[in-house]
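So that we are looking at the same thing, I have put the structure below in structure tokens.
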Amino acid sequence: MGEGTEYGLVDLEEVETPGDEWEEIDVSDTEADRIARKRDREFEQFEERIKDADQFKVEQSVFDDATLAALYKLVQDGYVEAFGGPLSTGKEANVYHALGDDREVAVKIYRINASNFRQMRDYLEGDPRFEGLGGKKKDVVLAWTKKELANLERAKAAGVRVPEPLATERNVLVMEYIGTDDGRAKRLGEVHIENPQTAYEVMREYMRRLYSAGLIHGDLSEYNVVFDQDEGQLVFIDLGQAVTVHHPNSREFLERDCRNVAGFFSRQGMDVTEDELLEFVTSPEPDPSRD
């Protein structure tokens, strides 16, 4: 990152100003579930092409029949035209590079048999958008995927630079690809920062905008922020675990975010503390009456 990089903020005059309201999130069966139950010849041909593709041969644990049906539906709807290779792989999800209708996209696929299923429940329980959620693994993972889409939409509306959410189908999320022809955007912890003061000011402002919109990232660190070289902006990623301020553990999550961010910039030579950051982020407080 070169000297004088601005890490530009999203202009607040160009975005909505959401408060602490929340959305209803439907986790009932989708068209992909119906496709998986009633297989047709075109779906079976699509399934065979995906399973034969070189980039997916070692990842078949991710692609159960219902996940393949979700991908098939997203292709039918025009959100995905061609798949590339993996951008990242993890215990809970894999992210793939793909071509959309007129742009490059990232396709995030959550594993139904996610290894941190219980941790997912900790973030979902207490979120008013998911009251009455059953205990089945499938229901939790599908809710998590819908939650990430809703969190991205709310963050974007609050003027926080995040990957633009495009579509979701079952346990698959399609969003804007952040990167170049050489690969995905680098995480903040992977690059040398020549202007940490400006980067810190952008990060704390985005944290405050999230909080004012009733959201807390919940897992914020230098590894969940990337640098978009094309725009010269910092981008918050991985908002699946973000919770509303009404979550019973929201304060604990926020304090941990502040501790992580302040610790990172302290290691960059800045004189910052988690208490100062917490005070900045929580002023002004979101209006709890905006439900």
More than 12 foreign heavy atoms under 6.0 Å from CD of Q229: is that the case here?
no
E279, CD atom: more than 12 neighbouring heavy atoms under 6.0 Å:
no
Flag side-chain contact, heavy atom, 4.5 Å: T282 against Y211
yes
Minimum side-chain heavy-atom gap N94-S88 below 4.5 Å:
no
Under a 4.5 Å cut-off applied to non-hydrogen side-chain atoms, are L254 and H217 in contact?
no
Check whether D101 reaches the backbone of G78 with its side chain - one donor and one acceptor, N or O, closer than 3.5 Å.
no
Please check this pair: side chain of R154 against backbone of A213, looking for a donor-acceptor N/O pair closer than 3.5 Å.
yes
Quick one: does any side-chain atom of R256 pair with a main-chain N or O of G218 as donor and acceptor, under 3.5 Å?
yes
So, the side chain of N171 versus the backbone of I109: is there a donor-acceptor pair under 3.5 Å, distance only?
no
Could you check whether the rings of F236 and Y206 sit parallel, tilted or perpendicular, using 30° and 60° as the cut-offs?
perpendicular
Within 45° cone of F280 ring axis and under 6.0 Å: R204 NZ or CZ
yes
Is there side-chain contact between Y110 and T67, with at least one heavy-atom pair below 4.5 Å?
no
Run H247 and E252 through side chain to side chain contact (heavy atoms under 4.5 Å, CB included) and show every step you take.
CA-CA 10 Å; H247 190 284; E252 175 188 342; over 6 Å; no
Keeping E176 on the side-chain end and E164 on the backbone end, is there a donor-acceptor pair under 3.5 Å?
yes
Do NZ/NE/NH1/NH2 and the carboxylate oxygens of R208 and E205 come within less than 4.0 Å?
yes
Residue list, salt bridge (Lys or Arg N to Asp or Glu O under 4.0 Å) with D228, at least two apart or on another chain
R161
Looking only at atom types and distance, does a side-chain atom of Y223 sit under 3.5 Å from a main-chain N or O of V226, one as donor and one as acceptor?
no
Under 6.0 Å between ring centres: does that hold for Y96 and F83?
no
Find out whether S250 and T244 are in side-chain contact, i.e. whether some heavy atom of one side chain is under 4.5 Å from a heavy atom of the other.
no
For the side chain of T168 and the backbone of K146, is there at least one donor-acceptor N/O pair under 3.5 Å apart?
no
Is the shortest side-chain heavy-atom distance between L74 and V172 below 4.5 Å?
yes
Is the count of non-hydrogen atoms from other residues, nucleotides or ligands lying under 6.0 Å from Y123 atom OH greater than 12?
yes
Taking all atoms of both residues into account, what is the closest heavy-atom pair of A155 and V162, and its distance?
CB-CG1, 3.9 Å
Side-chain (R267) to main-chain (G263) donor-acceptor, under 3.5 angstrom:
yes
Is any side-chain heavy atom of V105 closer than 4.5 Å to a side-chain heavy atom of L166?
yes
A side-chain contact here means heavy atoms from C-beta on lying under 4.5 Å apart; do W144 and Q241 qualify?
yes
Closer than 3.5 angstrom, by distance alone: can the side chain of D257 be matched with the main-chain N or O of L220 as a donor-acceptor pair?
yes
D271 atom CG, over 12 foreign heavy atoms within 6.0 Å
no
Of all the heavy-atom pairs spanning M207 and C258, show the shortest one and how long it is.
CE-SG, 3.9 Å
Check the pair V243, N249 against side chain to side chain contact (heavy atoms under 4.5 Å, CB included), reporting the backbone distance first and the verdict last.
CA-CA 9 Å; V243 299; N249 298 324; over 6 Å; no
Is there a donor-acceptor contact under 3.5 Å from the side chain of D238 to the main chain of N224?
no
